[in-house]
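Sequence lines set the chain letters: A, B, ... in the order given, protein chains first and strands last, and positions in each chain run from 1.
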There are 2 protein chains.
Amino acid sequence: MTEKSSPLALSNQLCFAFYSMSHAFGRAYRQLLEPLDLTYPQYVVLIVLWEQDGLTVKDIGDRLFLDSGTLTPLLKRLETMGHIRRMRDREDERQVRIMLTESGRSLRERAKDIPEHVGCMLGLPPGELRALNQQIAELRSRLHDSIPSPAKPELAAKGRSRT
Amino acid sequence: MTEKSSPLALSNQLCFAFYSMSHAFGRAYRQLLEPLDLTYPQYVVLIVLWEQDGLTVKDIGDRLFLDSGTLTPLLKRLETMGHIRRMRDREDERQVRIMLTESGRSLRERAKDIPEHVGCMLGLPPGELRALNQQIAELRSRLHDSIPSPAKPELAAKGRSRT
DNA sequence: AAAAAATAGATTGCGCACAATTTAAATCCC
DNA sequence: GGGATTTAAATTGTGCGCAATCTATTTTTT
């Protein structure tokens, strides 16, 4: 077995393909988001809130597969920038709700061309993009299902019990 | 246009698919690598060195699309753990060469079943895995080609001039 | 030969991402 | 009603990942 065909060869590691591609996306988005003074994770959080305002930190974490250790500092920075407000839920004070401000809402208009920009960079027809998106979402589910973890993403934990 | 079919909808963001999948890989590998006391990026660097010992920091950076700000601290930790040695090149003192120690070489034997483990988690036939790997590598090249950057990965810069 | 330019690696600063732990609030059980 | 358990968010600690800058060395240009 040559080095190139070894299961350990770098070029055979699907994980590295995703790792490096994710960083390449990060670098591409960094330039497109720089005029909005946003980082890529901040932009992703705003996308979630543009779809549905008033979500809790847990809601956002479930959608993005991120935990509160990552989200709390990030949301505090967005609040400092004036794009959101963080408020304890009146009915359940364990929960913090995230509301968009006028400034946060207005960023959506400025961001609306970004996906098309990136689509041009990739040169991927919409049908292929959707197919790849769907394939990756399925693989992600399988990985999530396979990871024994106390803080499992909600949708993976449904219907499953752990011993 | 409904929220779900908007170009800004989270479920339509290929970047988020890669971002979240990369993190899912990280979590999966964390458990498999914990017995070897390695982080995922350290493991990826070792994979490169198992293929070819004695590479420079720049060589490793080119292979992994990482810069020296990321690699230098990581390599120092691997050195502290006793898995590698860092040495200035005798002929060109700008370059630092990375040599595996006996400890670093022996980790390869312990790591050899990890890709199969992950393959089981994904449930992807080898042919599909290779096809996906190749498709992602192609997309990564296109993204790299599209990013105007002073520190462009070497292979993207070949044959291209910038004005 | 000497100055200028380029290259390689290291450092600084900042923003994540995650595991583990802590704090506060809500729910459940006796 | 009160204690035990669970849940949500925050905090602590650590390891990246990147941009910008700095230092040292090599190469190129004058």
Side-chain angles (χ1 to χ4, degrees), chain A residues 19-20 22-31 33-34 37-45 55-62 64-81 86-98 147 149-154 157, chain B residues 19-20 22-31 33-34 37-45 55-62 64-81 86-98 147 149-154 157:
Chain A
Y19 172 83
S20 54
S22 183
H23 291 156
F25 265 124
R27 286 190 289 269
Y29 273 89
R30 174 183 292 269
Q31 307 191 25
L33 293 169
E34 197 270 333
D37 192 26
L38 290 175
T39 67
Y40 174 71
Q42 290 167 354
Y43 165 72
V44 172
V45 167
L55 293 172
T56 65
V57 173
K58 177 172 168 44
D59 290 337
I60 296 172
D62 289 342
L64 299 182
F65 311 104
L66 296 170
D67 65 50
S68 69
T70 298
L71 284 175
T72 297
L74 195 156
L75 292 167
K76 284 185 169 180
R77 270 185 290 277
L78 281 175
E79 185 174 45
T80 298
M81 295 164 80
R86 301 165 59 247
M87 311 173 85
R88 284 283 163 187
D89 187 75
R90 186 177 289 272
E91 301 200 357
D92 186 338
E93 289 182 19
R94 293 173 296 179
Q95 299 179 339
V96 170
R97 287 200 179 274
I98 310 299
I147 301 170
S149 163
K152 187 67 70 61
E154 171 183 306
Chain B
Y19 172 83
S20 53
S22 183
H23 290 157
F25 264 123
R27 288 189 289 268
Y29 274 88
R30 173 183 292 267
Q31 305 192 27
L33 292 169
E34 196 271 331
D37 191 28
L38 290 175
T39 66
Y40 173 73
Q42 289 167 354
Y43 165 73
V44 172
V45 167
L55 293 171
T56 64
V57 173
K58 177 171 167 44
D59 291 336
I60 298 173
D62 288 342
L64 300 181
F65 311 104
L66 295 171
D67 66 47
S68 69
T70 298
L71 284 174
T72 296
L74 196 158
L75 291 168
K76 284 185 168 179
R77 272 186 288 278
L78 280 175
E79 184 173 44
T80 298
M81 296 164 81
R86 300 164 62 247
M87 310 172 89
R88 285 286 161 186
D89 187 78
R90 185 177 291 274
E91 301 198 358
D92 187 337
E93 289 183 18
R94 293 174 295 180
Q95 298 179 339
V96 170
R97 287 201 180 273
I98 310 298
I147 301 171
S149 164
K152 186 70 68 65
E154 173 183 302

| task | Please report, rounded to the nearest Å, how far the P atom of dA8(D) is from the CG atom of L75(A). | result | 16 Å
| query | Any side-chain N or O of T39(B) under 4.0 Å from OP1/OP2 of dC16(D)? | reply | yes
| Between T70(B) and P73(A), which has a closest nucleotide on DNA chain C that is more 5'? | T70(B)
| query | Does OP1 or OP2 of dT11(D) have a side-chain N or O of K76(A) closer than 4.0 Å? | reply | yes
| request: Looking only at non-hydrogen atoms, find the nearest pair between S20(A) and F65(B) and report the distance. | output: CB-CD1, 3.9 Å
| note | Which of V57(A), D92(A), T56(A) passes side-chain contact (heavy atoms from CB on, under 4.5 Å) with R97(A)? It is T56(A)
| request: Report yes if some heavy atom in the side chain of R30(B) is under 4.5 Å from a heavy atom in the side chain of E34(B); otherwise report no. | output: no
| request: With heavy atoms under 4.0 Å as the rule, sort L71(A) into base, sugar-phosphate or nothing. | output: nothing
| said: Measure CG/D59(A) against P/dT7(D) and give the value in whole Å, please. | reply: 15 Å
| query | At under 4.0 Å, does any side-chain N or O of T72(B) touch on OP1 or OP2 of dT11(C)? | reply | no
| Between Y19(B) and P41(A), what is the shortest heavy-atom contact and its length? | OH-CB, 3.9 Å
| query | Atom CZ of R77(B) to atom P of dT11(C): distance rounded to whole Å? | reply | 12 Å
| query | If you look at every strand shown and take non-hydrogen atoms under 4.0 Å, does S68(B) touch a base, only sugar-phosphate, or nothing? | reply | base
Determine all donor-acceptor pairs shorter than 3.5 Å in which one atom belongs to a side chain in residues 66-81 of chain A; sequence neighbours excluded.
{"residue": "D67(A)", "atom": "OD1", "partner": "G69(A)", "partner atom": "N", "Å": "2.9"}
{"residue": "D67(A)", "atom": "OD1", "partner": "T70(A)", "partner atom": "N", "Å": "3.4"}
{"residue": "T72(A)", "atom": "OG1", "partner": "S68(A)", "partner atom": "O", "Å": "3.1"}
{"residue": "E79(A)", "atom": "OE2", "partner": "R86(A)", "partner atom": "N", "Å": "3.1"}
{"residue": "T80(A)", "atom": "OG1", "partner": "K76(A)", "partner atom": "O", "Å": "2.9"}

| request: Find the distance L33(B):CG to dG15(D):P and express it as a whole number of Å. | output: 15 Å
| query | With respect to the side chain of H23(B), which nucleotide from dC18(C), dG17(D), dC16(D) is positioned closest? | reply | dC18(C)
| said: With a cut-off of less than 4.0 Å, is there a side-chain N or O of Y40(B) near OP1 or OP2 of dC18(C)? | reply: no
| request: Nearest 0.5 Å please: distance from the NZ atom of K58(B) over to the CD1 atom of I60(B). | output: 12.0 Å
| Parallel, tilted or perpendicular: which fits the ring planes of Y29(A) and Y43(A), with parallel below 30° and perpendicular above 60°? | tilted
| remark: Between CG of D62(A) and C1' of dA8(D) the distance, given in whole Å, is 11 Å
| remark: Ordered by number, residues from residues 87-96 of chain A within less than 4.0 Å of DNA chain D (heavy atoms) are R88(A), R94(A), Q95(A), V96(A)
| Between atom CG in L66(A) and atom P in dA9(D), what is the gap in whole Å? | 13 Å
| request: Starting from the 5' end of DNA chain D, give me the residue, R30(A) or D67(A), whose nearest nucleotide shows up first. | output: D67(A)
| message | How many whole angstroms separate atom CZ of F25(A) from atom C1' of dG17(D)? | response | 17 Å
| remark: Separation of dA8(D) atom P from R86(A) atom CZ, nearest Å, is 16 Å
